[in-house]
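Scroll down for the structure; my scribbles are underneath it.
From a predicted model like this one, the values you see are computed outputs, not experimental measurements. So that the names make sense, note that chain A is the first sequence line, chain B the second, and so on, each numbered from 1.
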Amino acid sequence: MKIVQLHVDYVEYEPVRPESSVYEEAERKKHRIEEALLLLTSVEKGDDRRLGEKAVEDAAEFMKELKIPRLVIYPYAHLSTNLASPGEALEVLKAMREKAEEMRLEAYSAPFGWNKKLSISVKGHPLAEQLRSYTPETVREKSEEEVPQALLMEEKLESYWYILTPDGEVVPVEQFDFKGHENLEVFARYEMQKSRAVLEQPPHVSLMKRLEIADYEPASDPGNLRWYAKGRLIKSLLEQYVTQKVIEYGGIEVETPIMYDMSHPALKKYLHKFPARQYVIPVEDKKYFLRFAACFGQFLIAKDMQLSYKHLPIWLYELTRYSFRREKSGELVGLKRLRAFTMPDVHALCRDIEQAKEEMKKRLRLSMEVMEGIGFGRDDLEMAIRFTKDFYESHRDFIFELVRMFGKPVLAEMWNERYFYFVLKWEFNFVDNQRKAAALSTDQIDVENARAYGITYVNEKGEKEYPIILHCSPSGAIERVIYALLEKAYMKIEKNEKPMFPIWLSPTQVRIIPVKSDYLEDALELMKKLEESDVRVDVDDRDETVERKIRDAETEWIPYVVVYGEREKKSGVLSVRVRETGKLEKMRVEELAEKIREAVKNRPFKKLPLPKLLSRRPSFR
RNA sequence: GCCCCGGUAGCUCAGCCUGGUAGAGCACUGGCUUGGUAAGCCAUGGGCCGCGGGUUCAAAGCCCGCCCGGGGCUCCA
């Protein structure tokens, strides 16, 4: 395919008479289009629809750069001596028109197969005239950079912003009184203008390194981190906790592949509806993409399931380690935004919208419980609800029910049209030290994918129907949860308070410091006792002063530090330095164990995956 | 992707502007020290100063190119 691309002040054409055996219907009148990008297009032998689509994509990019408002596709046979047959050529031209429409370009198209009178006025800048040449090879090479439609559409998306209150008010953001809701205001401004110059680096990055949680891995692709023992432990506990909660709520846990064939028909559509860039892996003559959510695997399972209305609602759950999104390199930050991340993802198949609404309420409750269980309070999170205008008009009460459940004013974004596959989504957002927001928990009502994947259930009448699908991550990405915990801890440092992890997540919960080496035996004994009641304990047996060991325990944010010496040996009562209160407290071993059991309550426990003796423990960095 | 900043010991960084052949603290190793609630003392070892080219008698430093990393912008379903 050869295209002469011209940036024109105007183009005028007038169909005179049909010239080819294949021609389109056309009016014999003069057409004039101003301020346009004109594509004089010759379709050659071997060209296919993909080439046409690619050409339109390139043109669209050019138009965006130069702010050219409209496109004219003009069949022009005189650029090649190797023309395709008229039938084939028309097919490719139609693909171009469809593509332009799909991309919501203002596009005009001259009729194929006519002898036309043509006059044009080309602009005088250096980029105004260009020859483009496409062969099947160009598409094969370039297609790795395929940009999903949704990414392009997103840029055109128009939103209206409101605050919804638990009392049922709808207030345009500009008119809302944010007194007492300062965090929501920061969040709303962040979402709406999405730009803010901040120079400092986010505090959680140096914390994640210093606390030996995670670190960048220069030998991998950026945004793929390495996890040290303490980080792995914390992450693993969070993973187990979310999974446990989802299963309590009736989730059915499955596991699915991490890579999928890009040419699989059902996946193809979803790839385009979902604004994310993929990692692509060529294997022999096929291309696979790494999953960027659990959706694919679960939908493919659901498609094969024998589902009756009696089974619904049904929840399918997977915790993806990992999901991959090839975010642009400049967007990656610490644990906040990664290219490989761990995402709990629970889908619900529902028979109709009413059932979907009921399920969504349960899942909101689940998400609230999970966030609270992890250690986030209501003040730490701001809720956003986004929906189409249609959905709002027919389900207003439901939306306010969600707001009431959350119990605080909520940021609402309304779209005039449905651009994505869902009609409503909500998220919890965390506002960090840079006053930037990151989404954690989320749920969506998907009205499109059941059809796209051929997922059906049988209703009372024995007919097949498409279910509504909900997509929920009760915690959001696990890495991002840790980011939020670290950012929250940093806020404490800023207030001159002692930062710490929730006790159930602290790698070492109790550090025992023998006053001198003579008490090491006793310390080990004490450690054994505490371990028997599921407490993570270690012993600082290094040849250092007590002060030094305490300082090190403090910088590790250890919640309970026990100094053990003559006094404790005699009395049998421990001196415990309690981080939360900053006080020294006397208590017996059993009381200490009980305090920790109480703090962990119903949440998972894992043993400390490190040498128990500090003298045997290497530093990771 | 664009803009900015950076790459010197395991880590954090100084030195670079104004060229003269490599520094500190912490960590590591050895020794002294048996210490009671946030850093005990001494000593030792450790460096292709990101890579390649250029200028110069001489380059960690100046110039050019490249690679890698980070931050900001944009984006964030």
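In this model, a donor atom of one side chain and an acceptor atom of the other lie less than 3.5 Å apart for A:His395 and A:Lys357.
Between A:Tyr288 and A:His264, the ring center distance fails the sub-6.0 Å criterion.
Checked for salt-bridge contact, A:Glu487 and A:Lys436 miss the test: no charged N lies under 4.0 Å from a carboxylate O. A salt bridge is absent between A:Lys425 and A:Glu413; no separation between the charged side-chain nitrogens and carboxylate oxygens falls under 4.0 Å. A salt bridge links A:Arg337 with A:Glu327: the closest approach of a Lys/Arg side-chain nitrogen to an acidic carboxylate oxygen falls below 4.0 angstrom. Under a 4.0 Å N-O distance rule, the pair A:Lys498/A:Glu580 does not qualify as a salt bridge. A salt bridge does not link A:Glu568 to A:Lys570: none of the charged nitrogens lies less than 4.0 Å from a carboxylate oxygen.
The residue A:Lys425 sits close only to the backbone: its heavy atoms come under 4.0 Å of sugar-phosphate atoms, none of a base. Here A:Thr442 lies out of heavy-atom contact (under 4.0 Å) with every strand. Using a 4.0 Å heavy-atom distance criterion, A:Lys498 is classed as a base contact. Counting any heavy atom pair closer than 4.0 Å across all strands shown, A:Glu554 reaches a base atom. Within the nucleic acid shown, A:Ile513 has no heavy atom closer than 4.0 Å to any nucleic acid atom.
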Derivation and outcome, side-chain hydrogen bond (donor to acceptor under 3.5 Å, both in side chains), residues A:Tyr279 and A:Asp221 = CA-CA 11 Å; A:Tyr279 279 106; A:Asp221 193 44; 2.5 Å; yes
Would you please test A:Asp538 and A:Thr508 for side-chain hydrogen bond (donor to acceptor under 3.5 Å, both in side chains) and show each step?
-> CA-CA 7 Å; A:Asp538 51 25; A:Thr508 298; 2.7 Å; yes
A:Glu479 and A:Thr342: side-chain hydrogen bond (donor to acceptor under 3.5 Å, both in side chains), yes or no, with the steps?
-> CA-CA 7 Å; A:Glu479 293 82 357; A:Thr342 306; 2.7 Å; yes
Test side-chain hydrogen bond (donor to acceptor under 3.5 Å, both in side chains) applied to A:Tyr228 and A:Asp215, step by step | CA-CA 8 Å; A:Tyr228 301 121; A:Asp215 210 336; 3.3 Å; yes
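Nucleotide B:G1 forms a Watson-Crick or G-U wobble pair with B:C73, both donor-acceptor distances falling under 3.5 Å. Nucleotide B:C16 forms no Watson-Crick or G-U wobble pair with any nucleotide shown, as no partner meets the under 3.5 Å limit on both distances. If you check B:C62 for Watson-Crick or wobble pairing at under 3.5 angstrom, you find it paired to B:G54. The partner of B:C11 is B:G25, by the rule that a Watson-Crick or G-U pair needs both atom distances under 3.5 Å.
Closest to the side chain of A:Pro202, from the set B:C75, B:G35, B:G72, is B:G72. Nearest to the side chain of A:Thr555, among B:A38, B:G35, B:U34, sits B:A38. Checking B:U37, B:C76, B:A38 against the side-chain heavy atoms of A:Arg337 singles out B:C76 as nearest. Considering only side-chain atoms of A:Val515, the nucleotide from B:G72, B:G35, B:G71 that sits closest is B:G35. Side-chain atoms of A:Val333 lie closest to B:G72 of the nucleotides B:G72, B:U74, B:A39.
Side-chain N/O atoms of A:Arg480 include none lying less than 4.0 angstrom from OP1 or OP2 on B:C76. In this model, the phosphate group of B:U34 is not approached by any side-chain N or O of A:Ser517 to a distance below 4.0 Å at OP1 or OP2. Contact annotation: A:Gln434 does not reach the phosphate of B:G71 (side-chain N/O to OP1 or OP2, under 4.0 Å).
Across B:C68 and B:A14, the matching C1' atoms stand 23 Å from one another, rounded to whole Å. Rounded to a whole angstrom, the distance from the P atom of B:U74 to that of B:G15 is 33 Å. Across the P atoms, B:C75 and B:C13 are found 31 Å apart, a figure rounded to whole Å. Between B:G69 and B:C28, the distance separating the two P atoms is 30 Å to the nearest Å. With C1' as the reference atom, B:U8 and B:A22 are 9 Å apart, rounded to whole Å. B:G25 and B:A38: their P atoms are spaced 25 Å apart (whole Å). Rounded to whole Å, the separation between the C1' atoms of B:G10 and B:G46 comes to 10 Å. Separation of the C1' atoms belonging to B:U29 and B:G36 is 29 Å when rounded to the nearest angstrom.
The separation between A:Met208 atom CE and B:G71 atom P is 8 Å, rounded to whole Å. Here the P atom of nucleotide B:C76 and the CZ atom of A:Arg326 are 17 Å apart, to the nearest Å. Between the P atom of B:G36 and the CD1 atom of A:Ile550 lies a distance of 10 Å, rounded to the nearest Å. Atom CG of A:Asn429 and atom P of B:C76 are 13 Å apart (whole Å). Put simply, NE2 on A:His204 is 12 Å from C1' on B:G71, counting in whole angstrom units. Rounded to an integer number of Å, the gap from CG of A:Asp552 to C1' of B:U37 is 13 Å. When the C1' atom of B:G1 is taken as reference, atom NZ of A:Lys328 falls 6 Å away, rounded to whole Å. Distance, A:Lys516 NZ to B:U34 C1': 6 Å, rounded to whole Å.
The only option from A:Phe387, A:Phe398, A:Tyr162 that meets the ring pair (Phe, Tyr, Trp, His ring centres under 6.0 Å) definition with A:Tyr392 turns out to be A:Phe387. The ring pair (Phe, Tyr, Trp, His ring centres under 6.0 Å) test with A:His347 is passed by exactly one of A:Phe299, A:Phe296, A:Trp315: A:Phe299.
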Nucleotides 66-69 of chain B: which of its N/O atoms have a protein N/O under 3.5 Å away?
none

Sub-3.5 Å pairs of nitrogen or oxygen atoms, protein against nucleotides 26-32 of chain B:
unit_1: B:A27; atom_1: OP1; unit_2: A:Arg548; atom_2: NH2; d: 2.5

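Position along RNA chain B of the nearest nucleotide to A:Glu566 versus A:Lys336 favours A:Glu566 as the more 5'-ward residue. Of the two residues contacting RNA chain B, namely A:Lys209 and A:Phe422, the nearest-nucleotide position lying further toward the 5' end is that of A:Lys209.
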